[in-house]
Amino acid sequence: MKKLKLKELESCLQQVDTFESPKLLLEQYPTRPHIAACMLYTIHNTFDDIENKIVADLGCGCGMLSIGSAMLGAGFCVGLDIDADALEIFNSNIQDFELTNVNMVQCDICSLSDSMSDTFDTVIMNPPFGTKHNKGIDMIFLKTGLQMAKTAVYSLHKTSTRQHIQKKAAEWEVKMEVLAELRFDLPASYKFHKKKSVDIEVDFIRFSAKKVLN
Amino acid sequence: MKLLTHNLLSSHVPGLRPGGGFPLRIELGHPSELPPEPIPNFEADEEFLRRVHHVLLEVEVLEGSLQCPDSGRRFPISKGVPNLLLTEDDA
């Protein structure tokens with residue numbers, strides 16, 4: 001497998017088609033190619049959690065993280081999302097990129113609970129943050145991800161929630177490591193946004209999946 | 001949807017027995033090319049392994065449905081994507 005450089009990965013991910021009409025209530029926005037590339041590069045090079053591994057992408061949307069994982073040599077990737085429109089774009093992306101080891105499932109992450117326990121090596125996600133009448137959804141995604149993963153979960157969470165997450169991680173007996181602090185500049189993708197873009201501080205976190213979750 | 005993906009999926013229709021809703025029955029137009037049970041000493045049978053590999057990783061179900069073994073509820077597969085969302089009717 002040709003070793004892909006970070007800049008090459010980011011370049012490729014810039015070709016990924018994204019939401020045509022992002023749905024407000026689902027907090028839809030594409031993970032920026034630069035952020036996705038940096039995340040995946042770290043997961044692959046520092047932790048070796050992508051190449052030949054079975055990877056799940058929770059709340060995959062148009063598939064940015066799944067496609068990047070496939071490019072870094074994932075054995076098999078499954079994207080899960082609730083929205084058929086996003087999955088349709090994901091599907092066309094997969095065809096454009098000619099990927100044969102990526103599948104997707106339409107489902108509600110919040111209703112999976114432990115039905116897919118220990119089915120994936122690695123879970124990667126950019127979950128909804130819970131800002132649209134869905135408070136706590138990021139923790140549901142995280143908990144489900146931890147049940148699904150055998151080795152690790154990589155996720156993005158608002159820095160302002162770090163202490164709360166640390167508490168939960170301790171409760172779940174899961175090791176947590178903040179790998180990087182990022183700034184998301186979410187462009188004004190929704191009509192009501194007054195400023196051109198909003199800066200949110202976000203933690204990129206790795207959770208080890210050794211667990212005692214009920 | 002590859003068979004590998006199907007193997008991960010189960011039904012969430014409310015009221016199932018613990019461990020129920022799995023495995024989902026794949027409903028397609030044509031029958032599988034594999035025998036219903038693994039043959040004895042299958043690990044050494046190259047031809048059999050090739051067929052298993054093919055069915056597991058190379059065949060994609062594009063249109064069909066998955067049926068819950070307990071409730072009978074059908075989940076459609078369209079353009080290769082299984083839809084496991086429950087509706088208000090399921091509650």
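Letters A, B, ... mirror the listed sequences (proteins, then strands); counts begin at 1. Everything quoted here is computed from the prediction, not taken from an experiment.
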Side chains of Leu3(B) and Val59(B), heavy atoms from C-beta outward: is any pair under 4.5 Å? no
Nearest-0.5 Å distance that lies between atom CG in Asp203(A) and atom CE in Met176(A): 6.5 Å
Reported SG-to-CG distance for the pair Cys12(A) and Leu4(A), which is rounded to 0.5 angstrom: 6.0 Å
Describe, in one word, how the ring planes of Tyr154(A) and Phe204(A) are oriented to each other, choosing from parallel (under 30°), tilted (30 to 60°) and perpendicular (over 60°). tilted
Do Gln28(A) side-chain atoms and Gly61(A) backbone N/O form a donor-acceptor pair below 3.5 Å? no
To the nearest 0.5 Å, tell me how far Ile109(A) CD1 sits from Ile140(A) CD1. 10.5 Å
Quick one: side chains of residues 70-78 of chain A, donor-acceptor pairs under 3.5 Å with protein atoms, not counting sequence neighbours, listed by atom name and distance.
none

Listed by residue number, which members of residues 35-44 of chain A have a heavy atom under 4.5 Å from any heavy atom of chain B? none
Measure across Leu146(A) and Ser208(A) and return the closest heavy-atom pair with its distance rounded to 0.1 Å. CD2-O, 4.1 Å
Sequence neighbours left out, what passes side chain to side chain donor-acceptor pair (under 3.5 Å) with His164(A)? Give chain and number order. none
Can you tell me how far the CZ atom of Arg32(A) sits from the CG atom of Asn126(A), to the nearest 0.5 Å? 12.0 Å
Could you list each N or O donor-acceptor pair linking chain A to chain B at a distance under 3.5 Å?
unit_1	atom_1	unit_2	atom_2	d
Asn91(A)	ND2	Lys79(B)	O	3.0
Thr100(A)	O	Lys2(B)	NZ	2.7
Asn103(A)	OD1	Lys2(B)	N	2.6
Asn103(A)	OD1	Thr5(B)	OG1	2.6
Asn103(A)	ND2	Glu60(B)	OE1	3.3
Gln106(A)	N	Pro82(B)	O	2.9
Gln106(A)	O	Leu84(B)	N	2.7
Gln106(A)	OE1	Asn83(B)	ND2	3.3
Ser115(A)	OG	His12(B)	NE2	3.1

Region of Phe120(A) that comes under 4.5 Å of a non-hydrogen atom in chain B: side chain
